[in-house]
Novice: 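Shown below is the structure under consideration.
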Amino acid sequence: MNKTYLKLSLDLDFVLIAITAAVKDYILCHKINKSLEFEFEKTDDHEVYYNIDEAPLSFSRFYYFVEQGEIEYYLVNNRNPEGFLIPEMNKVDFFIIIQQYIDKDDLNFILTRLNKLTDIQVAAQISPLKLKSKENLVM
C-alpha cells in the first residue's frame, strides 16, 4: 500500500515584536496609536485551538493597515484567563505582528518609540522561527 504524506509549511514571513506591559490591551493600543500615529482598531479575537475536543482560546486582537506598502499590523494579547497564545513566552504580555516588508530604519523607529512609552517595560524583536508555538501566530 502506498502512503501519501502531506507536508505543510507555515508562512512565517513577518516581523514579531514582543512587548511586556502590565496594562489593559485597549490602553496600550491607545498609547501606541498616539505615539506612533497608528490607527489600531479592535477586530475579531484571534482564536487558537489547542485540543480538538475543547473550545478555542480567544486572544484580543487589534488591526492597522497602511495602504502605502500594504503593511498589516496586528497587536495581539498573549494572555487570557485560561492560558497563553505562546506558552513558552509567558513573561510577554503582547505581540505586534508586522506582515509585509518593513525596512530596518522603520523597525528601529517603532522599537525606539515603543520603549519610550512609560507603560512598556520592554519591547524587542524576536524571531518567530525560534518559537515552539509559532503556528499560533499565523493570522
Novice: Working to the nearest 0.5 angstrom, can you tell me the gap between K134 NZ and S127 OG?
Specialist: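 Nearest 0.5 Å value for the NZ-OG distance: 8.5 Å.
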Novice: Heavy-atom distance under 4.5 Å between the side chains of S133 and E88, does that happen here?
Specialist: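 Yes. Closest side-chain heavy atoms under 4.5 Å.
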Novice: Same hydrophobic cluster for V122 and V76, using side-chain heavy-atom links shorter than 4.5 Å among ILVMFWY?
Specialist: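 No, separate clusters.
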Novice: In terms of hydrophobic clustering (I, L, V, M, F, W, Y; side-chain heavy atoms under 4.5 Å; direct or indirect links), are L107 and Y101 co-clustered?
Specialist: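 They do not share one cluster, since no chain of ILVMFWY contacts under 4.5 Å joins L107 to Y101.
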Novice: Minimum heavy-atom separation for I126 to A18, with atom names?
Specialist: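 Residues I126 and A18, closest heavy atoms: CD1-CB, 4.0 Å.
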Novice: Are any non-hydrogen side-chain atoms of F95 and I17 less than 4.5 angstrom apart?
Specialist: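 No - every pair of side-chain heavy atoms lies 4.5 Å or more apart.
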Novice: Could you tell me how the ring of Y73 sits relative to the ring of Y64: parallel (under 30°), tilted (30 to 60°) or perpendicular (over 60°)?
Specialist: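 Rings of Y73 and Y64: parallel, under 30°.
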Novice: Kindly compute the distance separating CG (D93) from CG (N78), expressed to the nearest 0.5 Å.
Specialist: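 If I round to the nearest 0.5 Å, the distance is 7.5 Å.
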Novice: Does D119 come within less than 4.0 Å of K31, counting only side-chain N to carboxylate O?
Specialist: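 Salt bridge between D119 and K31, a charged N being under 4.0 Å from a carboxylate O: yes.
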Novice: If you measure from CG on L85 to CG on N77, what distance do you get to the nearest 0.5 Å?
Specialist: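 Atom-to-atom, L85:CG and N77:CG are 8.5 Å apart.
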Novice: Compare every heavy atom of F65 with every heavy atom of E72, then report the nearest pair and how far apart it is.
Specialist: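 Result for this residue pair: CG-CD1, 3.6 Å.
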Novice: Check whether R113 reaches the backbone of S35 with its side chain - one donor and one acceptor, N or O, closer than 3.5 Å.
Specialist: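 Flag set: sc R113 to bb S35 pair under 3.5 Å.
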Novice: Hey, is the main chain of T43 close enough, under 3.5 Å, to the side chain of R61 for a donor-acceptor pair?
Specialist: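 It does not hold such a pair.
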Novice: Closest heavy-atom contact between Q100 and I71?
Specialist: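 Closest heavy-atom pair between Q100 and I71: CB-CA, 4.0 Å.
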Novice: Taking L111's backbone N and O only, do any of them form a donor-acceptor pair with N115's side chain (distance below 3.5 Å, no angle check)?
Specialist: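 Yes, because the side chain of N115 sits within donor-acceptor range (under 3.5 Å) of the backbone of L111.
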Novice: Just checking, is any N or O donor in the side chain of D45 or S60 under 3.5 Å from an acceptor N or O on the other one?
Specialist: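 No, because no side-chain N or O of D45 sits under 3.5 Å from a partner of the opposite role on S60.
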Novice: Minimum heavy-atom separation for E82 and L57, please, with both atom names.
Specialist: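 Nearest pair, atom of E82 first, then L57: OE1-CD2, 3.0 Å.
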Novice: First locate atom CG of L28, then atom CZ of F62, and finally report the distance between them rounded to the nearest 0.5 Å.
Specialist: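 Nearest 0.5 Å value for the CG-CZ distance: 8.5 Å.
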Novice: Given side chains that start at C-beta, do those of D25 and L75 come closer than 4.5 Å, heavy atoms only?
Specialist: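 No; the side chains remain at least 4.5 Å from each other.
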Novice: Atom CD1 of I86 and atom NZ of K132: how far apart are they, to the nearest 0.5 Å?
Specialist: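 Answer for the CD1-NZ pair, I86 versus K132, is 12.0 Å.
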Novice: Hey, is CD on E39 packed in by over 12 heavy atoms from elsewhere, all under 6.0 Å?
Specialist: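 Result for CD/E39: open.
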Novice: Are the side chain of H46 and the backbone of L137 linked by a donor-acceptor contact shorter than 3.5 Å?
Specialist: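 It does not hold such a pair.
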Novice: If I compare all heavy atoms of F94 with all of V23, which pair ends up nearest, and what's the gap?
Specialist: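 Minimum heavy-atom separation between F94 and V23: CZ-O, 3.5 Å.
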Novice: Any side-chain heavy atom of L16 within less than 4.5 Å of one from L131?
Specialist: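 In short, these two side chains touch, coming nearer than 4.5 Å.
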Novice: So do the side chains of F38 and V66 get within less than 4.5 Å of each other, counting heavy atoms only?
Specialist: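 Not touching, per the 4.5 Å side-chain cut-off.
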Novice: When you group the ILVMFWY residues by side-chain heavy-atom contacts below 4.5 Å and let the links chain together, are F84 and Y49 in the same group?
Specialist: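 No, because Y49 and F84 fall into different hydrophobic clusters, even though each may have its own neighbours under 4.5 Å.
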Novice: Look up atom CD1 in I96 and atom OH in Y74, then write down how far apart they are to the nearest 0.5 Å.
Specialist: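 Interatomic distance, I96 CD1 to Y74 OH, rounded to 0.5 Å: 13.5 Å.
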Novice: With hydrophobic residues grouped by side-chain heavy-atom distances under 4.5 Å, do I19 and V15 end up in a single group?
Specialist: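 Yes, I19 and V15 fall within the same hydrophobic cluster.
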Novice: What pair of heavy atoms forms the shortest contact from I32 to L117, and how long is it?
Specialist: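 That closest heavy-atom pairing would be CG1-CD1, 4.2 Å.
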